[in-house]
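First the proteins, then the strands, lettered A, B, ... as listed; each starts at 1.
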Amino acid sequence: MIYLKSLPTFEYFSPQSLKEACSFLKAHENGAKIVAGGTDLLIDMKYRKVTPRYLVGLRTLPELSRVTFGDQEGLRIGAMVTHQEIMDGPIINEKFKSIALACSQVGTPQIRNMGTVGGNVCNAAPSADSVPPLMAYSATVTIAGAESDRVLPLEEMFIGPGENCLKAGEILAEIRVPVAPPHTGAVYVRLPARTGKDIAAVGVAVLITLDPTSGACNDVKIVLGAVAPTPIRSRKAEAALNGEKPGEDLINRAALLSADEAKPISDVRSSLDYRTEMVRVLTGQALNQALAIARAS
Amino acid sequence: MKKLIQLKINGETAEVAVEPRTTLLHVLREDLGLTGTKEGCGIGDCGACTVLLDGKPVASCLTLAVEVRDREVLTIEGLSKDGELHPLQRAFIDHFAVQCGFCTPGMILSAKALLDRNPHPVEEEVRQALSGNLCRCTGYVKIVEAVLAAAEYMQSQ
Amino acid sequence: MKESSMIGKNVPRLDALEKVTGKAKYSVDLNLPGMLHAKVLRSPFPHARIIHIDTTEAEKATGVKAVITGRDVSEEKIGFIRDRYILARDRVRFLGEAVAAVAADKVEAAEEALELIKVEYEELPGVFDAEEAMKPNPPVVIHPDLYTYALAPNPTPLYRFEPDMPNVYIHRQVLQGDPERAFRDADMVIENRFFMPSAQHAAIEPHNAIAQPEPDGGLTIWISTHQLYLFKLNLCRLLGLPSSKLRVVSLYIGGAFGGKSGLAVPAIAGLLASKSRRPVKFVLNRDEVFLDGNNREAMTLCVKDGIRKDGTLLARQMRLILDAGGYSGTTALVAKNAAFGAIGTYNVPNFKLDSYAVATNNPPTGPHRGFGSTEVVWAIESQMNMIAEKLSMDPMEIRRKNLLREGVVDSLGMVTHSIGAGECLDKISDWLGTVPATPQNEGAWRKGRGIALCNKYTIGGTDSNVFVKVHPDSTLEVRHSANEIGQGCDTVLAQMAANEFATSIDKVKIVSCDTAITPYEEATVSSRITFHAGNALLLACKDAKNQILQIASKKLEAPSDSLEIKDGVVYCQGDKAIRIVDLFSPKGFVPGGGEIMGRGVFSGPRENEDPDTGQGKRPVTYYAHGATAVEVLVNIETGEIKITRIGSCFDMGQPINPKLCEGQMEGGMGMGIGGALFEEIVFDKGLTRNASFCDYKIPSSIDFPTKENVISLIAPVLHSEGPYGAKGLGEGSLLAVAPAIAEAIYNATGVRIRDLPITKEKILKGLNLLRSSS
Ligand SMILES: Cc1cc2nc3c(=O)[nH]c(=O)nc-3n(C[C@H](O)[C@H](O)[C@H](O)COP(=O)(O)OP(=O)(O)OC[C@H]3O[C@@H](n4cnc5c(N)ncnc54)[C@H](O)[C@@H]3O)c2cc1C
Ligand code: FES
Ligand code: FES
């Protein structure tokens with residue numbers, strides 16, 4: 001039994017620039033951690049799952065709290081943008097509804113005011129709600145380093161439950177979401193484990209771009225949350241749909257393939273069997289909803 | 001190591017010596033004697049520790065005091081002005097929305113944040129806005145009624 | 001009875017203003033000068049021998065002022081069966097049991113010091129399943145000396161030990177009539193097995209206490225509890241203090257529901273305060289509340305009924321198995337009292353009950369809103385629905401047919417009095433509308449409706465005292481020791497006092513819950529305060545009024561029976577009158593230099609029960625009755641359940657303040673929804689796997705239907721002994737919710753759930769089973 005305690009001691013560092021933050025992290029290797037909203041990290045610290053010597057706060061860096069949009073460069077979300085800001089963002093609601101919707105379903109109002117999308121990604125929980133729709137949009141992450149920056153597909157951020165690919169001295173600075181082509185539908189369907197406000201038992205994001213003339217799928221992304229060590233693409237299901245005209249049978253088949261690709265666990269929230277079955281049900285729902293939007297657009 | 005920081009709490013500036021690990025909740029309750037803010041879980045689940053930080057409800061049990069520097073904090077003690085109850089407080093009394101009262105301060109502050117943003121909420125919006133504040137006593141019925149009544153009253157003013 | 005201007009009125013709560021402004025004080029809000037903070041070290045094993053504890057390093061740690069272990073606690077133990085030391089001595093019997101405690105100047109220092117305590121354990125095999133534990137040859141005997149333990153004072157030991165079942169704390173039996181014969185005579189026998197899991201009260205305020213050493217060598221302890229005087233009695237025993245040297249105080253209580261009943265928290269604070277000679281505050285973290293917060297036990301219930309074709313119940317046999325955990329707590333008593341809930345609604349001429357409280361190495365358990373009734377009502381009401389179905393009868397009809405009625409002797413031998421169950425059923429089914437015979441579909445959603453009944457007994461033989469002091473300004477100071485846990489007892493008692501003195505509510509001042517100044521009250525449990533403290537209050541008012549009338553009669557030179565008190569004035573027939581303030585003139589005291597202080601003592605009725613049959617003429621004081629109606633939508637693809645409508649109707653006798661009654665009903669429905677759908681403490685070989693609100697979910701505002709789809713109705717049937725005919729309500733409101741929801745789900749989907757909570761997954765499993773069998 002791991003007991004809850006008061007926060008352990010640490011030093012708090014407030015950098016003047018992103019580079020300074022990276023250098024500090026690098027200099028202190030495993031001893032320093034970023035604190036964003038603290039809604040994951042401080043709890044882990046209270047349970048002594050981590051006991052960093054230094055916390056590096058990013059509040060002083062306004063560039064990380066920006067949301068911008070351009071037709072060419074798409075949507076750019078700073079790592080420190082909160083779930084509430086995303087769900088309230090006019091552009092995001094207009095053009096990237098599934099992302100706004102996912103963030104609106106994170107935790108509670110308090111948690112959404114505190115928790116950031118960067119924290120959600122970096123914390124690398126399999127159930128992180130912002131991740132599946134972002135991945136479905138083929139989002140990339142901009143990672144700042146002490147020496148150099150790099151850009152990765154969001155998908156490649158995740159290594160395992162709670163494990164991301166950041167190296168010492170690296171900070172997630174920004175998430176970029178490209179503009180999807182016309183005739184695209186994107187959705188996020190989520191089933192809370194128990195109460196209405198519970199962490200997701202299963203979350204499914206789907207993005208479908210249709211060929212307007214043939215009605216066939218030009219591009220399909222299916223991302224499953226909470227049912228594998230990391231959020232995963234359901235590639236077999238995507239492959240089954242790509243290039244095809246999706247009808248009821250095909251959708252059912254794709255949903256079954258997704259269920260097959262899921263590798264859930266049993267925990268106090270949900271069992272493996274139930275999660276697997278829900279991947280099928282939710283994938284079917286998500287595909288139908290996304291198709292309806294794509295067809296209507 | 002303790003650092004002196006300045007906080008703006010209920011419109012007044014307070015200077016407190018805090019360690020980096022000191023939470024805002026701790027500063028309020030232990031250093032400033034503002035015990036209207038409660039602790040029910042310590043990990044963001046119950047909302048008893050809700051305060052408004054720059055007008056937004058946050059869990060003060062997960063907020064580092066050092067990060068609150070120069071920001072505005074509103075606690076339940078700061079809600080009534082010159083002895084005049086806020087309409088929400090009035091409505092909570094009139095609608096029997098209080099039982100044990102332990103959730104009440106956080107509940108009222110979450111409701112205030114809602115009404116500040118959205119003066120005419122529908123019931124579903126009220127329920128969503130209060131969904132981070134657990135109440136074990138009331139079943140929420142009278143709380144929701146109180147918030148809607150306060151909204152109506154404020155509109156009529 | 002007098003014209004009542006106060007009774008049945010929605011007087012605003014006296015405590016509301018303080019509570020909405022953040023000024024209301026709870027014990028956890030107190031900070032005393034020089035105060036230390038306590039933390040305890042808990043056993044990592046569910047069952048182990050303690051070989052050695054070394055606290056030397058911890059004692060030397062910075063900020064640490066006192067460290068105690070089992071060696072420092074008295075021989076006195078706690079529990080219904082006195083089986084537990086405040087800190088474990090030679091053995092730990094559950095994972096999370098306190099083995100040492102530290103007081104330090106900061107919480108953090110206390111936490112760090114715990115890590116320096118070295119405990120050497122020898123792990124013992126454990127038993128985690130009550131049915132396995134109760135076998136004649138269990139894998140392990142948890143309390144080898146069980147039969148040598150002392151027992152809590154209890155007038156009738158209506159239970160027995162079972163030497164052949166060494167892990168059974170107690171076995172309670174009831175026998176009425178000849179059930180075996182009745183089963184043979186019955187047209188149909190139906191038998192089912194039900195389960196209700198362990199649950200947490202989840203009061204939002206965690207358990208806490210602050211102990212302060214006093215100059216006379218005694219202690220003052222502020223405690224978040226609902227058992228002020230019971231705590232005082234026990235803490236005197238545990239701390240070795242005479243009654244005169246222990247003062248126990250409660251401020252507002254941030255929710256209780258039975259949970260604030262463990263003695264370990266105040267006792268540890270008290271021991272550390274005595275040792276350090278400093279005030280000590282001990283607040284449990286939420287996870288500790290889950291481990292040692294007197295959770296409701298898990299109960300398995302087997303119910304066998306014999307029925308005639310026309311739906312008449314001939315016989316009922318129940319077997320209850322309670323997983324009490326490593327210590328008996330109050331669960332041994334729950335096992336006993338569960339019998340009351342089992343017989344309180346229906347007329348069952350032949351009845352047998354065997355109830356076993358079983359020791360396991362799960363955490364110990366205690367009282368939870370309902371005290372055994374939640375569990376038995378769940379099983380019995382579900383069973384009634386199944387019987388109705390088998391007989392193709394309307395579930396309402398079968399209930400009406402078998403209801404106890406005024407004057408009928410129930411299965412425990414008590415004459416039924418004040419039973420509004422039928423009225424509740426009628427009113428709530430009118431509100432709900434007809435239960436559709438076939439489910440209604442909306443896409444993947446199926447709609448269903450269900451109703452269940454319940455009863456809640458209030459224990460017999462308990463006492464209340466109230467003082468009413470009348471100030472010269474005619475303010476009535478009501479001194480009582482019922483805990484304001486949110487139910488509104490301060491307001492209800494104030495209303496009664498104002499009514500008795502024909503004055504307004506602002507003329508009543510409440511002084512409560514301080515053993516130095518407020519009188520004995522048995523405990524704020526069992527929905528007994530309105531009735532018991534209310535009756536004591538009426539007597540105290542009568543006494544105080546008599547004192548006033550005596551003096552006034554002299555001053556007015558009129559016989560006291562010609563006088564009447566109203567709005568702070570004593571009136572005489574004709575036009576003579578005297579203000580209460582003038583009774584105190586000229587010295588500020590009433591003639592003779594005294595004050596006006598009325599005292600009321602009320603002793604609840606009890607007649608001892610027969611140890612063989614478990615029966616008695618007055619085993620309980622009264623029953624409150626109620627019914628809950630529910631409409632649900634169930635998604636047959638995901639198993640999701642939406643409660644779309646929920647309503648309750650209760651007979652609590654005369655409602656003193658209907659809005660407060662509504663509050664209890666709504667709160668009960670909220671807790672009931674949680675218990676029906678979400679709440680279950682999950683154990684894995686004694687390890688609590690969900691000791692947080694993140695992993696143990698209670699309903700939030702969005703798990704409740706919209707306000708126009710919730711109703712709380714009242715169908716009062718007055719009780720001849722109650723104050724103004726009042727009974728009680730607090731607990732009952734929870735009981736019928738789970739069976740009503742289960743019935744609504746069955747109505748919607750055909751899936752019958754016998755094991756709570758009703759998870760999405762269980763619905764889907766049930767649907768799959770139905771599909772494969774059809
Ligand atoms: C009550 C409650 C309910 C919740 N419900 C949900 C839910 O429904 N869905 C959901 O997805 N999550 C939920 N969460 C989890 C949490 O709120 C989210 O994951 C949130 O987005 C985390 O963001 P944060 O800013 O608080 O992260 P922090 O806690 O500050 O950080 C999390 C981790 O990420 C690292 N980190 C943060 N930012 C960066 C960066 N820019 N670069 C590098 N590393 C970084 C930190 O070092 C830390 O390891 C819930 C939490 C609580 C307490
Ligand atoms: S105490 Fe902060 S959310 Fe519970
Ligand atoms: S009033 Fe008790 S928790 Fe809300």
> Side chains of C:Gln200 and C:Tyr696: donor-acceptor distance under 3.5 Å anywhere?
no
> How about A:Asn120 and A:Ser130: does a side-chain donor come under 3.5 Å of a side-chain acceptor?
yes
> Kindly say whether A:Ile92 contributes a backbone atom to a donor-acceptor pair with the side chain of A:Lys97 at under 3.5 angstrom?
no
> Run the side chain to side chain donor-acceptor pair (under 3.5 Å) test on C:Tyr327 and C:Arg93 for me, step by step, so that the C-alpha distance in whole Å, both residues' side-chain angles and the decisive distance to 0.1 Å come before the verdict.
CA-CA 8 Å; C:Tyr327 296 96; C:Arg93 294 180 172 86; 3.3 Å; yes
> Contact part of C:Ile673 toward chain A, heavy-atom cut-off under 4.5 Å: side chain, backbone, both or neither?
neither
> Determine, step by step, whether C:Ser43 and C:Glu97 satisfy the side chain to side chain donor-acceptor pair (under 3.5 Å) criterion, reporting the C-alpha distance in whole Å, the side-chain angles of both residues, the deciding distance to 0.1 Å, and the verdict.
CA-CA 5 Å; C:Ser43 159; C:Glu97 183 169 358; over 6 Å; no
> Relative to chain A, which segment of C:Leu677 carries a heavy atom at a distance below 4.5 Å: side chain, backbone, both, or neither?
neither
> With a 4.5 Å cut-off on heavy-atom pairs, point out which of C:Cys694, C:Pro44, C:Ala691 contacts chain A the most.
C:Cys694
> Under a 4.5 Å cutoff for heavy-atom pairs, which residue among C:Ile702, C:Thr638, C:Asn285 has the most contacts with chain A?
C:Thr638
> Could you walk me through whether C:Thr759 and C:Glu761 pass side chain to side chain donor-acceptor pair (under 3.5 Å), step by step?
CA-CA 5 Å; C:Thr759 60; C:Glu761 178 158 10; 5.4 Å; no
> When the ring centroid of C:Tyr121 is compared with that of C:Phe45, is the distance short of 6.0 Å?
yes
> Heavy-atom pairs under 4.5 Å with chain C: which of A:Gly284, A:Ala193, A:Ala201 has the most?
A:Ala193
> Check each atom of A:Leu191 against the heavy atoms of chain C and say whether the ones under 4.5 Å are side chain, backbone, both or neither.
side chain
> Below 4.5 Å, heavy-atom pairs only: which of A:Arg269, A:Lys197, A:Gln285, A:Lys5 has the largest tally toward chain C?
A:Lys5
> Under a 4.5 Å heavy-atom cut-off, does chain A meet the side chain of C:Asp695, its backbone, both or neither?
both
> Mind checking whether A:Tyr54 and A:Phe10 have ring centres under 6.0 Å apart?
no
> Is any side-chain heavy atom of A:Leu291 closer than 4.5 Å to one of A:Ile251?
yes
> List the steps and the verdict of side chain to side chain contact (heavy atoms under 4.5 Å, CB included) for C:Leu767 and C:Leu769.
CA-CA 5 Å; C:Leu767 284 167; C:Leu769 223 66; over 6 Å; no
> Output the option from C:Asp287, C:Asn690, C:Leu114, C:Leu764 having the highest count of non-hydrogen pairs under 4.5 Å with chain A.
C:Asp287
> For C:Glu111 and A:Ser6, which I'm curious about, is there any donor-acceptor pair between the side chains at under 3.5 Å?
yes
> Do any of residues 274-283 of chain A come closer than 4.5 Å to chain C, heavy atom to heavy atom, and if so which ones, in number order?
A:Tyr274, A:Glu277, A:Met278, A:Val281, A:Leu282
> Side chain, backbone, both or neither: which part of C:Ser701 has a heavy atom under 4.5 Å from chain A?
neither
> What residue in C:Asp703, C:Ile641, C:Val682 has the most heavy-atom pairs under 4.5 Å with chain A?
C:Asp703
